[in-house]
Amino acid sequence: MRSRKTIMFTLVTMASVLVMVLTACGGSTGGTGAQAPDSKQVISVSLVPAANDIRRLDPQKITDLYSFSAAQPVFPGLYTYDNDYKIIPWAAQALPTVTDGGLTYTFKIRPGLKWSDGTPIDANTFAYSWNRGLDPCTTSGAASYLYPIKGAAAFNQGTCPDANATNPVSTDTLIGKSIVVTDPQTLTVTLEKPFAYFLPTVAATAVVLASPKQLIEKYGIKEWTEHLTDNGGFGGNLFKVTIWDHKGNLQLTRNDGFWGTKPKLRQINFKIYKDADTSYNSYLNGQVDVGIAGLPPTATYQQMKTRSDFHQSDNLATSYLGPNWAKPPFDDLAARQAFALAVDRDALNAVAQGAGTPTYHIVPKGQPGYFDGLKNIDGKTGTAANKANDAMAKQLITDYANRKCGGDITKCPKVTYETSNTPSNIAGSQALLQMWKTAMPGYPVAISNVDFGTLINDVYSGSAPQLFGIGWIVDYPDPQDWLSLQFLPGSSVNVQNINYAPANDLMNQADIEQDQTKRFQLYNQAEQMMVDQVGWIVTNQQIAVWLFNGSKVAGYRQNTSGYTALTDWQSTIYVKG
Amino acid sequence: MGDFLSGAVPVILGLAVLALLVLATLRLGIRFVIRRLVGLVFVIIGVTFITFIMGYFAPGNAVYTQLGQHYTKEAYDHLTQFYGLNLPWYQQYLNFLARLLHFDLGYSFINEADSVWTILGRYVPASAVLGIGGVVLAVLVGVPLGVIAAVRARTRVDGTVQGVALVLFALPSFVIIPLFDLVMVWLHSQGLPSLAVSGWGTLDTMIAPIVIFSASIFAFYVRLTRSSMLEVLGQDYVRTARAKGIHERMVIWRHAFRNALIPLLTAVGPALAFAVVGVFVVELLFNIPGIGTETIAAITQRDFPVVQGTVILLAVTIVFMNLLTDIAYGFADPRIKTE
């Protein structure tokens, strides 16, 4: 009896303590109405890089979307994109003056721009930053974006005299050669060829953002970003960095020294998550205003998509199967086409429970230069082209077997399809295996699911697998990023040994064509050839999903490149009163 | 609170190690301590060599992982040279050992601005508080419940304690945490106060992870204590103590429990060490900036300096925890001598 009383007492005490703790620590829901006062213009936004922290804030070294999302509001670029993929002058006064048949770009920079410490941002800043991006001592993974500049590739391939120095710098430079500061407001850049995709790279990538020379020289290449939060924060764009604890918290505070219309938001608190479902639960629990939700096949996706605060977009990102043209059977067009035609994209998407939008387009929908009239190998267009054509696949593989395997399909070169071992990719690869077996009975085919690091290693280490499944996320919204970069011989990412002369000619022409309409037409023709020749077997356009508390926050959105446009941070997003 | 912990933990750990060495010297003798410290050197060389070889021959490489689809040969060559990955494997390992002699663990391949020490200093405190807090709570709750279950063996109390322990034993933290999240989200949706479902450093973010981690392991201590106690309670000396008329509480806690402590001490020492790097699931699902998730990320990204740093941390912690256990054996049973 006594022990029961003790247990009851203990339980009641524990319950009381729990209630007190919950009351003390509890959150509350947001209100509605017009714009809240400035003191309340604070939002918390999830970023899900699947790590404890974003990788870096050094613009010239950023190669990932999450770091870019955090760095772009802090470090100004000459241009940016709005949500309709129109190039907007940002630190530049206007669009550049292009002369010499597209070889020379003259940028006029707004006068009076300053970092938050008062140091001017001018043509010298951008010349320094771009040159720094190419300097071999910077070891930037994104230097190739600047290769259109004359001499850039050779400069980047040079050696660094002392890589272990605090602030290593090459003895060579492009400043004064192809990157010329005419006066503090004028930057002139000469290109290797009149590459028409140069401006999109300048508007969309991190490597061209301005970097503060004064901080880099003071603290060194490794340490300088650790000092962004010193003395009340540092920045030169809409916001400055005020907290970066590397433990999941990155706080940006409005930069009152910004030259143009200042954002309504006073603070953005980026919360870094390792897992999308945790971000989602934190959103539901009122801990963040913007939650990045889990993609299918997560269980939470099915719950989320019925919510009124759920948002989904088809991003400029595709999943594709890459056949290696140098490895049998994919050195043969009929075999490539047979494997491509056997793929039923709708069925594949059903297996992945809606993880993407089925498509056979290489250049994704929503991207400038999208080709609405693109046909699949069998001449079909639109949604009909997403279906498998088993009859044609069988006919083509029989033809291949007759020519290359002595008429016995079982003696054809075995195909191993390699992709990553995420649950959705395992399910997808099983479905693909079944499709190939159904369309091409007897053809020896197997799958290999490996971790993503191994897949990347296998794909990019010199001898790509016969057939691999991977994705591509837009670098800059120009068809060149989806066509010439992927399929031209000599391109660093053309690991599939693709080389088709008629398409090469079209892409080479398009890359330097200055008339945008003609240029896109050339790319459209090249894309059609690459579908017919099976450069990629695109399976879907990837989706992005997020939620935001519309009763508290107005105007939040992500563009289809996966981040929030500067124009939205500047004028659209605010906290309601 | 989080900042305080981050700053205080290294100092506390340093003082604790020093105190441990002094205590070990006093209790176990200087030769024993030196033998253990020399053994630690071989342990570190052994585990780092095995980790290095596994990493070296495992498929994948940090440079490919870092560059991903931004791969260019130039960028690859620069980074490979920068990290010293172009050197033969033995030279890479010898360089690592040479740096280690100067307590230099090198820099992360992926976050190249961060030294491994910086990464350990940044992420170990949260894991240490979570792991050690969880084990301590599990011991504080599990051991008394195990004793009660043993004393009242085969009664309703024993059945209840064992039942609860078994249920929690069967419910891993990756099941409990989503359930907890559901409850908190529901409370929040009803306008009621709720605990945080993610984050670390404030009271409302720390309670649930520690309690849930503790709940997932406390059954082990309940069952271990119960079985040890049952064995001891059947010994002649316990019967003798009771026959001498000693109060039952004294019999249980002074005579029986003290003798049942040895297996518990053997289990708790390594458990504390593993808890620091072994709370990966709790860290992941509560979004806690801990070394467990950092290590998993380092493995997947082939960031071997960070992996090596964690392995060394684990090895050192285990050696010191074993030393602590040896000292504790002496307190629990003075008959146990150093030899």
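First the proteins, then the strands, lettered A, B, ... as listed; each starts at 1.
Per-residue counts of heavy-atom pairs under 4.5 Å with chain B were compared for A:Gly248, A:Pro136, A:Ala51, A:Ala50; the largest is that of A:Pro136.
For the ring pair (Phe, Tyr, Trp, His ring centres under 6.0 Å) test, residues two or more places apart in sequence or in another chain that qualify with B:Phe286 are B:Phe180. Qualifying side-chain hydrogen bond (donor to acceptor under 3.5 Å, both in side chains) partners for A:Thr201, counting only residues two or more places apart in sequence or in other chains: none.
Between the side chain of A:Asn52 and the backbone N or O of B:Gly290, at least one donor-acceptor pair lies under 3.5 Å. For A:Lys274 (side chain) and B:Glu294 (main-chain N/O), no donor-acceptor pair under 3.5 Å exists by modelled atom type.
At a cut-off of 3.5 Å, with distance as the only test, a side-chain donor of A:Asn285 or B:Ser194 sits close to an acceptor on the other residue.
For a residue to count as touching a neighbouring chain, one of its non-hydrogen atoms must lie under 4.5 Å from one of that chain's; by this rule A:Phe452 does not touch chain B. Of the atoms belonging to B:Asn287, heavy atoms from both backbone and side chain fall under 4.5 Å from chain A.
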Could you walk me through whether B:Tyr123 and A:Asp53 satisfy the side chain to side chain contact (heavy atoms under 4.5 Å, CB included) test, starting with their C-alpha distance in whole Å, then the side-chain angles of each, then the deciding distance to 0.1 Å, before giving a yes or no? CA-CA 11 Å; B:Tyr123 299 121; A:Asp53 194 13; 3.9 Å; yes
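Considering all non-hydrogen atoms of both residues, B:Ile110 and A:Arg56 come closest at O-NH2, 2.7 Å. Nearest heavy-atom pair across B:Ser198 and A:Gln287 is O-NE2, 3.0 Å.
Inter-residue side-chain proximity for B:Gln301 and A:Arg55 is flagged as met; some heavy-atom pair is nearer than 4.5 Å.
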